[in-house]
2 protein chains.
Amino acid sequence: MRWEELDREHCSLARTLSVVGDRWTLLVLRECFLRIRRFEEFEQRLGIARHVLADRLKKLTEAGVLEKIPYQERPRREEYRLTEKGLALYPALLALLDWGDKYMSGKEGPPLLRRHKACGHVAHAVTVCSECGEPLDARAMTAEPGPGAPAGFVVPQRPSKSAVDK
Amino acid sequence: MRWEELDREHCSLARTLSVVGDRWTLLVLRECFLRIRRFEEFEQRLGIARHVLADRLKKLTEAGVLEKIPYQERPRREEYRLTEKGLALYPALLALLDWGDKYMSGKEGPPLLRRHKACGHVAHAVTVCSECGEPLDARAMTAEPGPGAPAGFVVPQRPSKSAVDK
DNA sequence: CAGAATGGGTTCCGAAAGGGAACTTGTCAA
DNA sequence: TTGACAAGTTCCCTTTCGGAACCCATTCTG
């Protein structure tokens, strides 16, 4: 499978990755959520090659995750801002961040904390069920075909042979 | 910045991406959560080049996300299973999946649904504050330095000049 | 017993993507 | 007139990837 084919996969994760499934793209988005908006700022903070940055910003803009907004005319200059679609990636970024805080931080602890404005506490994200509100983990969920499933789609139900799940 | 330097970054997202920030890695993990465990199964389902698959499985194993478990001797064969550390990535995968369901599905709707065993409903993930339980979005959070912050670390507070946030 | 099959890789090649640095363009300020 | 800025673009060289072939220990099939 080539990379350009990913967005035609019948899988929401694959389609998501066709937009953000790249080393640099998620770091660019991290900066966006920290209110970084301009080309040179991205470049300096990330140490990314300029043409790679230009490419990623272009793709994110085309995907509707960022939009270019002029902040001055003559010479025209534009900055990149998250759209609603882009802001909606926050839970995903936060989930990755929290995993890193938990499993990849040195003994000093996480380098950056997030405070919830509404309640005032330093907080991390908890993923809960949209229906019952209980926290979710992998073992609590089963998968089944949805309306967009291709014909003949099979959800693997059990390990190949040795029946019992650890 | 080269890729091997990423895990030394003072940023939990960067460190997370040093493990899973790769096109194929997250798709391999998707398969793991669908209970796919064997080399040939990954290869067939993903259409990934074999040496790339071998490399990703090796890296995920070294990172402690997967572990190799023998399922037969003579000839010895091993399969890859998620560890607790790997299972803990589920909320991140789910968040990316939900974003894809919402923004990248065709008009047919998402191809795969997830049902919460505990409550029986088809559900998606909601990200809530660990302290007050309210749903979180990007605008509800502020960042501040944590215990692992490098000296002189500055959290960008406001857009560079044109003060007002849209 | 020979030969094919199985599972999990490794090797090789040409193509694509990335790192790094230099060059371009439009505009204003000194 | 020269310099500085911001935002790219171009070039060259190295690394990684896609695709196919090959390898190896063991077991099955004829």
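Small disclaimer: the values here were computed from a predicted structure and weren't measured. Chain letters run A, B, ... following the sequence lines, proteins first, then strands; residues in each count from 1.
A residue-by-residue look at E73(A) and D55(A) shows that D55(A) has its nearest nucleotide of DNA chain C further toward the 5' end. Taking the nucleotide of DNA chain D with the nearest heavy atom to each of R77(A) and A54(A), the more 5' of the two is matched to R77(A).
For R23(A) and dA17(C), the shortest distance from a side-chain N or O to OP1 or OP2 is not below 4.0 Å. Between Y71(A) and dA7(D) there is a side-chain N or O to OP1 or OP2 distance below 4.0 Å. Between Y80(A) and dG8(D) there is a side-chain N or O to OP1 or OP2 distance below 4.0 Å. Close to dG9(C), at under 4.0 Å from its OP1 or OP2, lies a side-chain N or O of K68(B). OP1 and OP2 of dT6(C) both lie 4.0 Å or more from every side-chain N or O belonging to R76(B).
Between the CD1 atom of I69(A) and the P atom of dA7(D) there is a distance of 14 Å, given to the nearest Å. The nearest whole Å value for the distance from the CD1 atom in I48(A) to the P atom in dT9(D) is 14 Å. Regarding Q72(B), its CD atom lies at a distance of 8 Å from the C1' atom of dG7(C), rounded to whole Å. Look at CD on E78(A): it is 13 Å from C1' on dG26(C), rounded to the nearest Å. Between the CD1 atom of I36(B) and the P atom of dG8(C) there is a distance of 12 Å, given to the nearest Å. Atom pair L27(A):CG and dG19(C):P shows a separation of 11 Å (rounding to whole Å applied). For the pair L57(B) CG and dG7(C) P, the computed distance is 16 Å after rounding to whole Å. Taking atom CZ of residue F39(A) and atom C1' of nucleotide dA7(D), one finds them 6 Å apart after rounding to whole Å.
When each of dG19(C), dG7(C), dA6(D) is scored by its nearest atom to the side-chain atoms of E40(A), the top-ranked nucleotide is dA6(D). Picking from dG18(D), dG26(C), dA21(D) the nucleotide with the shortest atom distance to the side chain of R50(B) gives dA21(D). Set against dA7(D), dG26(C), dG18(D), the side chain of W24(B) has dG18(D) as its closest nucleotide.
In this structure, E43(B) reaches neither bases nor backbone, as no heavy-atom distance under 4.0 Å exists between it and the strands shown. Nucleic acid contact for F42(B): none, since no nucleic acid atom lies under 4.0 Å from a heavy atom of the residue. Residue contacts for K58(A): at a heavy-atom cut-off of 4.0 Å it reaches no nucleic acid atom on any strand shown.
Scanning both residues, M104(A) and S18(B), for their nearest heavy atoms gives CE-OG, 4.0 Å.
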For residues 25-32 of chain B, tabulate all N or O donor-acceptor pairs below 3.5 Å that involve a side-chain atom, not counting sequence neighbours.
{"residue": "T25(B)", "atom": "OG1", "partner": "D22(B)", "partner atom": "OD2", "Å": "3.0"}
{"residue": "E31(B)", "atom": "OE1", "partner": "R45(B)", "partner atom": "NE", "Å": "2.4"}
{"residue": "E31(B)", "atom": "OE1", "partner": "R45(B)", "partner atom": "NH2", "Å": "3.0"}

Verdict with reasoning, K59(A) to D55(A), per salt bridge (Lys or Arg N to Asp or Glu O under 4.0 Å): CA-CA 6 Å; K59(A) 282 181 178 154; D55(A) 176 74; 3.2 Å; yes
E144(B) vs K117(A), salt bridge (Lys or Arg N to Asp or Glu O under 4.0 Å): CA-CA, chis, key distance, verdict: CA-CA 12 Å; E144(B) 59 190 67; K117(A) 288 184 203 167; over 6 Å; no
Check against side chain to side chain contact (heavy atoms under 4.5 Å, CB included), I69(A) and Y71(A): CA-CA 6 Å; I69(A) 308 230; Y71(A) 65 88; over 6 Å; no
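Side-chain atoms of E40(B) never come within 3.5 Å of backbone atoms of E43(B) as a donor-acceptor pair (strictly under, hydrogens ignored).
No hydrogens or angles were tested; on distance alone, nothing pairs the side chain of R74(B) with the base of dA25(D) as donor and acceptor under 3.5 Å.
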